[in-house]
2 protein chains.
Amino acid sequence: MGRVTGDGTVGKALEVLDQVAAFGRPVRFGELLSQSDFPKPTLYRFVQTLTNQGMLAYNPERQTYSPGLRLVRLAHAAWDQSTLAPVARPHIDALSNAVGETVHLAQLDAAQVLYIDKRNAGKPVEMYSQAGKVGPAYCTGVGKVMMAFLDEVTADRVIEQQSFHVFTEHTLDTAEALRAELSDIRQNGYGFDREEHEPGIICVAMPILTDTGRVLGALSVTSTTSRTNLAGLEAYVPILRDTAAKITREAQNWSFPDYHTKEATRI
Amino acid sequence: MGRVTGDGTVGKALEVLDQVAAFGRPVRFGELLSQSDFPKPTLYRFVQTLTNQGMLAYNPERQTYSPGLRLVRLAHAAWDQSTLAPVARPHIDALSNAVGETVHLAQLDAAQVLYIDKRNAGKPVEMYSQAGKVGPAYCTGVGKVMMAFLDEVTADRVIEQQSFHVFTEHTLDTAEALRAELSDIRQNGYGFDREEHEPGIICVAMPILTDTGRVLGALSVTSTTSRTNLAGLEAYVPILRDTAAKITREAQNWSFPDYHTKEATRI
DNA sequence: AAACCAAGTTTCAAATAATGAGACTAGTTT
DNA sequence: AAACTAGTCTCATTATTTGAAACTTGGTTT
């Protein structure tokens with residue numbers, strides 16, 4: 001969804017990979033076919049190739065395909081080199097201890113929010129279950145603050161790719177409403193999720209920017225309307241700002257990849 | 001290393017992806033070129049395509065490439081659907097608590113050991129940093145017990161792909177020595193790492209097999225020669241066997257992908 | 001400031017690989 | 001045993017990849 005297609009054969013093969021992943025369970029060739037735009041033999045060859053390459057795993061007993069182990073290995077490298085996680089970890093820990101609420105670290109990937117790290121209030125870390133998860137950008141705190149600080153061209157592209165599905169009565173459901181909100185966020189320097197994604201769930205979010213203003217990612221503190229309110233969350237703004245600044249400082253040295261290509265095709 | 005090449009354009013592109021990941025740090029185009037068999041424009045186009053697709057991330061300030069965020073998202077799905085991790089987690093937790101030593105869960109990927117989960121004695125879980133890591137199969141406990149229970153054809157292919165690099169004075173450095181060891185392991189049903197990979201580090205490992213004998217993965221308990229010895233580790237065999245059996249039972253229901261294709265090219 | 005150099009990028013005809021309609025096979029149901 | 005279904009294979013056509021060479025850009029030296 002929102003992914004650039006038409007990068008030749010490689011792009012098509014990766015599209016198939018995404019489709020398999022999107023099923024969320026092992027999937028049969030036929031199911032994939034009925035859902036795919038590719039003709040049977042073409043899809044078949046892609047699936048074959050990806051399986052040979054370890055990007056898909058094949059279960060011969062059930063004749064099903066699922067995303068392969070090679071991805072886990074590659075993601076390990078991505079995690080280390082292309083995400084804020086290694087640099088941010090100690091600061092996230094400190095933030096989590098200080099606020100005693102759920103903390104998220106996210107980055108943008110193809111117009112979606114990709115959760116990179118998470119600390120559950122109190123509970124021990126239950127990682128991979130959350131890291132790698134994606135969510136909508138237009139109705140989450142982290143998504144909105146990241147979009148707010150993108151350059152105009154990139155922002156337009158990202159906004160255009162939002163689905164504006166209505167999750168709750170507070171969900172912003174048009175590009176115009178979103179643009180207005182992003183403008184507010186730019187003014188304040190931070191943003192909220194006002195039960196826009198899930199009823200009863202609110203959060204305050206802070207962008208992580210380079211000092212040239214490039215978006216690196218975002219942090220958020222999440223709570224529920226039963227425990228606090230927006231004013232209560234706003235009290236966390238100073239510590240969030242501080243944490244973000246620390247992450248920025250360290251990230252500058254290590255230096256991180258950008259979220260746009262020269263080609264303007266990818267976010 | 002050990003990966004099947006020659007799956008057309010897609011295979012070549014993924015080879016490039018592996019090369020970038022192998023650098024272990026953001027890498028410039030030129031560095032990649034000097035290390036690659038592809039001619040300049042060909043490599044250039046691959047890198048371009050992969051970047052457009054989010055499989056690589058480009059840092060315009062430093063002009064470097066690193067594995068992209070899309071991999072993190074895809075790996076999340078792989079983790080959930082193609083690994084033993086979700087099923088094994090509670091049992092690994094219990095095992096870790098019971099033995100108070102470092103516990104590993106691993107699977108085979110392309111003749112290498114892929115660590116899927118880990119519990120550090122006492123310390124809090126620090127996930128992704130370990131999950132996705134790869135290691136040699138011929139000189140680790142988990143690697144050897146998995147190889148020992150592969151079917152003959154697959155085992156031959158895997159053994160052939162081992163590097164037999166000598167890490168310590170105890171490293172098995174020939175296919176013959178390894179085959180003898182695997183035979184012993186098959187007899188006992190479990191295996192050890194006798195400081196073969198790192199001096200002072202020893203472990204006892206147990207394969208996780210389906211009841212038809214197919215290899216699903218392996219478990220190990222690791223310690224140091226300063227804290228215990230092989231006889232001490234052997235005491236953990238019953239609980240390891242028990243844990244493996246529990247994981248097998250649950251995995252059967254959920255059912256997992258295999259580690260060989262119909263094509264006999266991929267492990 | 002001109003010449004040089006290195007790194008990255010683009011071009012385009014030739015070579016190669018991807019494509020997909022259709023045929024085939026194996027397994028299952030009527 | 002015929003009809004059906006899901007998966008796999010073939011091969012002429014078509015479209016894409018390929019890479020030598022030329023070009024551009026930014027930085028460094030003379």
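- Phosphate contact (OP1/OP2 of C:dT10, side-chain N/O of B:Y44, threshold under 4.0 Å): present.
- Distance, A:R62 CZ to D:dG7 C1': 19 Å, rounded to whole Å.
- Per the geometry, CD belonging to A:Q48 stands 15 Å off C1' belonging to C:dA18, to the nearest Å.
- Here D:dT18 presents its P atom at 11 Å from CD of B:E15, a figure rounded to the nearest Å.
- Two rings, from B:F29 and B:Y65, have their centers 6.0 Å or more apart.
- Taking the side chain to side chain donor-acceptor pair (under 3.5 Å) definition, one finds that B:R179 meets it with B:D156, sequence neighbours left out.
- Shortest non-hydrogen contact noted between B:A244 and B:M206 is CB-CG, 3.9 Å.
- What separates CG of A:L43 from P of D:dG7 is a distance of 11 Å, to the nearest Å.
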Base-contact (B) and sugar-phosphate-only (S) positions in nucleotides 19-30 of chain C, heavy-atom cut-off under 4.0 Å, - elsewhere: BBBB--------
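- Atom pair B:L33:CG and D:dG19:P shows a separation of 12 Å (rounding to whole Å applied).
- Heavy-atom nearest nucleotides on DNA chain D were determined for A:R28 and for A:V10, and the one closer to the 5' end corresponds to A:R28.
- Relative orientation of the A:Y115 and A:H104 rings is tilted, given thresholds of 30° and 60° on the angle between their planes.
- Atom CZ of B:F29 is separated from atom P of C:dA7 by 11 Å (rounded to the nearest Å).
- Atom-to-atom, CG of A:D7 to P of C:dA18 comes out at 16 Å; the value is rounded to the nearest Å.
- Taking all atoms of both residues into account, the shortest heavy-atom contact from A:A111 to A:Q161 is CB-CB, 3.7 Å.
- What separates CG of B:N52 from P of C:dT9 is a distance of 12 Å, to the nearest Å.
- Among all heavy-atom pairs drawn from A:L108 and A:M146, the shortest one is N-SD, 3.7 Å.
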